[in-house]
Amino acid sequence: MNITRTISEQVAEKMVAPIGAKIKSLSEERIDLANKAVSDALPKDLKQCFEKYKSVFCKSQSVTFCNGKQEVRLDGLSYFPASTTWFPHVEVGSQIVGKIDKLRLKIEKLKDEKGKTYNSIVSTLLSLRTFKRVKDQFPDAYEYLKEYEDNEKTALSLPIDDILSVIKKYK
């Protein structure tokens with residue numbers, strides 16, 4: 001049986017899953033660091049009042065961390081009281097801005113690496129074409145291909161019945 005694009009993409013997705021988990025972990029670390037920085041920048045009385053009367057406050061989930069000329073924008077934070085909902089400015093130290101920016105660079109680098117690795121796996125599997133050649137030349141990928149090997153026919157990307165039903169719907 002030949003390896004189709006659909007099968008190679010599914011296998012590649014499974015193989016790059018650890019890189020995706022690392023990206024998620026770094027993103028969560030970045031958000032946690034930002035939440036702590038915002039919390040530390042707010043006065044204690046304001047935080048207590050915000051907890052009691054959240055509906056009265058203008059709140060935001062995005063922030064622009066400032067340190068002199070350096071600015072870093074971030075969104076997806078926990079709600080906090082803000083003067084505006086559009087990336088309110090919060091003054092923090094240069095270490096916080098530096099750490100958040102370094103994490104952003106690491107995340108971008110990992111995303112690029114994940115994309116390149118994914119495309120390499122897909123193209124490698126398509127060039128090897130058969131399960132036997134993959135088993136001989138790319139045994140790591142063969143571990144993920146075993147579940148598809150039992151089929152007697154080549155798996156199609158879309159079932160023929162679905163394609164025909166869509167065509168008949170518009171006749």
Side-chain angles (χ1 to χ4, degrees), residues 1-39 59-65 70-80 85-87 90 92 94-171:
M1 180 171 119
N2 287 337
I3 297 171
T4 62
R5 176 165 291 282
T6 304
I7 292 173
S8 64
E9 288 173 349
Q10 290 172 355
V11 169
E13 194 64 43
K14 290 176 186 176
M15 290 183 77
V16 297
I19 300 173
K22 180 68 175 175
I23 291 170
K24 184 178 178 184
S25 130
L26 287 175
S27 297
E28 289 171 354
E29 181 182 342
R30 185 174 179 228
I31 295 295
D32 291 343
L33 182 64
N35 281 329
K36 185 178 182 325
V38 168
S39 178
K59 41 192 176 218
S60 179
Q61 281 189 302
S62 56
V63 68
T64 301
F65 288 117
Q70 188 177 15
E71 290 186 352
V72 175
R73 285 188 170 188
L74 193 62
D75 57 358
L77 281 69
S78 300
Y79 281 111
F80 64 93
T85 58
W86 184 254
F87 291 99
V90 175
V92 294
S94 62
Q95 292 178 341
I96 300 292
V97 173
K99 285 180 185 178
I100 289 174
D101 203 38
K102 284 180 185 176
L103 284 171
R104 179 189 59 83
L105 293 173
K106 281 183 184 178
I107 291 167
E108 286 178 4
K109 184 178 176 183
L110 280 174
K111 284 181 179 178
D112 289 344
E113 187 175 338
K114 180 182 176 185
K116 289 177 184 175
T117 305
Y118 175 87
N119 291 334
S120 296
I121 292 169
V122 169
S123 63
T124 302
L125 290 174
L126 289 174
S127 66
L128 290 173
R129 299 180 79 185
T130 64
F131 286 91
K132 183 179 179 187
R133 289 176 66 184
V134 171
K135 186 176 183 178
D136 295 339
Q137 297 176 17
F138 197 4
D140 294 335
Y142 183 73
E143 297 297 319
Y144 297 98
L145 276 173
K146 285 181 182 177
E147 66 185 79
Y148 303 104
E149 192 174 30
D150 296 336
N151 297 341
E152 294 177 8
K153 297 180 180 177
T154 303
L156 298 173
S157 60
L158 287 174
I160 293 173
D161 296 336
D162 291 346
I163 296 169
L164 293 176
S165 67
V166 170
I167 292 171
K168 288 178 182 177
K169 185 167 59 170
Y170 294 104
K171 280 189 175 182

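Everything numeric in this text was worked out from a predicted model, so none of it was measured.
The side chain to side chain contact (heavy atoms under 4.5 Å, CB included) check on Asp75 picks up Ser62, Phe87, with sequence neighbours excluded. Remark: Lys114 pairs with Glu13, Val16, Ile19, Ile23 by the side chain to side chain contact (heavy atoms under 4.5 Å, CB included) rule, at least two apart or across chains. With sequence neighbours excluded, the residues satisfying side chain to side chain contact (heavy atoms under 4.5 Å, CB included) with Lys22 are Leu26, Leu110. Tyr144 meets the side chain to side chain contact (heavy atoms under 4.5 Å, CB included) test with Val11, Lys14, Met15; sequence neighbours excluded.
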Residues 134-141, side-chain donor-acceptor partners within the protein, below 3.5 Å, at least two apart:
none

Check residues 101-108 and write down every donor-acceptor pair under 3.5 Å in which the side-chain atom is one partner and the other belongs to a residue at least two apart or another chain.
residue: Asp101; atom: OD1; partner: Arg104; partner atom: NE; Å: 2.9
residue: Asp101; atom: OD1; partner: Arg104; partner atom: NH2; Å: 2.9
residue: Arg104; atom: NH1; partner: Glu108; partner atom: OE1; Å: 3.4
residue: Arg104; atom: NH1; partner: Glu108; partner atom: OE2; Å: 2.9

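A donor-acceptor pair is defined here as one N or O able to donate and one able to accept, closer than 3.5 Å; such a pair exists between the side chain of Ser123 and the backbone of Asn119. Judged purely by atom type and a 3.5 angstrom limit, Gln61 has no side-chain atom pairing as donor or acceptor with the backbone of Ser78. Ser39 contributes no side-chain N or O that, together with a main-chain N or O of Lys36, makes up a donor-acceptor pair within less than 3.5 Å.
The line from CD1 of Ile96 to CG of Leu33 is 5.0 Å long, rounded to the nearest 0.5 Å. For the atom pair Leu125 CG and Asn2 CG, the distance stands at 12.5 Å (nearest 0.5 Å). The CD1 atom of Ile31 lies 4.5 Å from the CG atom of Leu74; values are rounded to the nearest 0.5 Å.
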Could you check Val92 against Ile100 for side chain to side chain contact (heavy atoms under 4.5 Å, CB included), going step by step and ending with a plain yes or no? CA-CA 11 Å; Val92 294; Ile100 289 174; over 6 Å; no
Lys146/Phe131 under side chain to side chain contact (heavy atoms under 4.5 Å, CB included): CA gap, chis, key distance, verdict: CA-CA 9 Å; Lys146 285 181 182 177; Phe131 286 91; over 6 Å; no
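The 12-atom threshold is not exceeded at CZ of Arg129, counting heavy atoms of other residues, nucleotides or ligands nearer than 6.0 Å.
Ile3 has its side chain out of reach of Thr130: every pair of non-hydrogen atoms, C-beta onward, lies at least 4.5 Å apart.
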